[in-house]
**Student:** 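Structure incoming, see below.
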Amino acid sequence: MDQKLFQVVKDDHIPPKIMEMLERLDIDAQRLLADHYDENSSYYRRVQPENIAHTFGVDPVKYPLLYHYTDLNALKAIVQSRSFLIGRYTNMNDKNEKKYAYNLFKNVLHESGATSDELNVFNNDIDTPTFDYYIMSLTHNKNSQALSKYGDIAIQFKTQDIQDHLAAKITPSYFYKKFLV
């Protein structure tokens, strides 16, 4: 096992099944995982939620409220299921959303010092996605005529609540409990 990763997990009471999985990862994956927890690594600095949120203009101080436009049928489904269903990128009403999101990410990669090879891999992913991903459109404009094409109801969210919820869903302890144990 990569020594840097070993230092991260050695005293963390990681279940044996997880340790076995970590040991089976190739060295690049182990290093990436170690860098995820190394506050001095370039990777760590680039992927911190507060840095990403700032880059994409969703600073909860600047934009304390966000809105999602939908129609009455979708709102009823949200209320009945107590779940917020978001759309797969291939099913978006506005095909430009995918391109817009990719351009935002590409700019972040470029500003973070991504190599030409890394940018090329990312650019190729636009046409042939490696991962299945979903998009949820939010705006700080509660009276957007442009977004009203999705419906005439603007559901209001507290930006900080969204960030806290998403952060809780991607923490290692949640990941361990939900997927690996």
Side-chain angles (χ1 to χ4, degrees), residues 32 36 42-175 177-180:
L32 180 65
H36 181 75
S42 175
Y43 174 80
Y44 180 90
R45 288 189 304 274
R46 289 189 303 216
V47 300
Q48 291 309 298
E50 58 273 11
N51 294 340
I52 294 170
H54 176 72
T55 300
F56 292 109
V58 289
D59 178 355
V61 174
K62 186 175 180 180
Y63 300 110
L65 299 174
L66 293 174
Y67 301 88
H68 176 75
Y69 284 80
T70 192
D71 61 28
L72 184 59
N73 289 333
L75 178 62
K76 286 178 182 177
I78 292 167
V79 171
Q80 288 173 348
S81 68
R82 297 181 49 112
S83 298
F84 206 95
L85 304 176
I86 58 176
R88 187 167 184 262
Y89 74 98
T90 56
N91 298 333
M92 302 311 298
N93 294 339
D94 183 354
K95 299 300 180 191
N96 289 326
E97 288 179 336
K98 175 185 171 187
K99 186 175 182 180
Y100 177 76
Y102 262 96
N103 285 333
L104 285 174
F105 288 122
K106 188 166 44 173
N107 288 337
V108 169
L109 288 172
H110 183 65
E111 291 171 7
S112 299
T115 65
S116 295
D117 288 341
E118 290 169 330
L119 289 171
N120 286 336
V121 168
F122 184 78
N123 287 331
N124 290 337
D125 193 66
I126 292 172
D127 297 322
T128 312
T130 305
F131 299 101
D132 192 20
Y133 58 91
Y134 296 78
I135 296 174
M136 178 179 177
S137 297
L138 298 165
T139 181
H140 59 87
N141 183 350
K142 68 178 177 180
N143 297 309
S144 174
Q145 287 186 348
L147 293 176
S148 66
K149 68 182 177 182
Y150 296 107
D152 56 355
I153 298 170
I155 303 171
Q156 177 180 293
F157 296 94
K158 290 181 182 174
T159 305
Q160 190 64 57
D161 288 351
I162 292 172
Q163 291 176 345
D164 291 346
H165 180 77
L166 292 173
K169 292 291 186 185
I170 61 171
T171 58
S173 61
Y174 176 83
F175 182 76
K177 290 175 189 169
K178 179 128 176 116
F179 298 107
L180 298 174

**Student:** Can you tell me how far NE2 of His110 sits from CG of Leu119, rounded to the nearest 0.5 angstrom?
**Tutor:**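 Here the interatomic distance stands at 7.5 Å.
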**Student:** Decide yes or no on side chain to side chain contact (heavy atoms under 4.5 Å, CB included) for Leu65 and His140, but give the supporting numbers first.
**Tutor:** CA-CA 6 Å; Leu65 299 174; His140 59 87; over 6 Å; no
**Student:** At their closest point, which heavy atom of Gln156 faces which heavy atom of Tyr67, and how far apart are they?
**Tutor:**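 Of all heavy-atom pairs spanning Gln156 and Tyr67, the closest is OE1-OH, 3.3 Å.
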**Student:** May I ask you to decide if Ala146's main-chain N or O and Ser148's side chain share a donor-acceptor pair within less than 3.5 Å?
**Tutor:**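 Such a contact is absent between Ser148 side chain and Ala146 backbone.
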**Student:** Show your working on side chain to side chain contact (heavy atoms under 4.5 Å, CB included) between Tyr69 and Thr139 and close with a plain yes or no.
**Tutor:** CA-CA 9 Å; Tyr69 284 80; Thr139 181; 3.7 Å; yes
**Student:** Minimum heavy-atom separation for Leu138 and His68, please, with both atom names.
**Tutor:**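 That would be CD2-CB, 3.7 Å.
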**Student:** Test your reading of the model: is there a side-chain donor-acceptor pair from Thr159 to the backbone of Pro64, 3.5 Å cut-off?
**Tutor:**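 Yes; judged by distance alone, with no hydrogens or angles, the pair exists.
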**Student:** Can you name the residues that form a side chain to side chain contact (heavy atoms under 4.5 Å, CB included) with Ile155, not counting sequence neighbours?
**Tutor:**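 Only Thr70, Leu75, Ile78, Phe84, Ile153, Phe157 meet the side chain to side chain contact (heavy atoms under 4.5 Å, CB included) criterion with Ile155.
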**Student:** Check side chain to side chain donor-acceptor pair (under 3.5 Å) between Thr115 and all other residues, then give those that pass, not counting sequence neighbours.
**Tutor:**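 Result, side chain to side chain donor-acceptor pair (under 3.5 Å) vs Thr115: Glu118.
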**Student:** Could you measure the distance from the CG atom of Asn143 to the CG atom of Asn141? Nearest 0.5 Å is fine.
**Tutor:**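 Asn143 atom CG to Asn141 atom CG measures 6.0 Å (nearest 0.5 Å).
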**Student:** Just how far is it from atom CG of Leu66 to atom CD of Gln160, taken to the nearest 0.5 Å?
**Tutor:**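 One finds 11.0 Å between CG of Leu66 and CD of Gln160.
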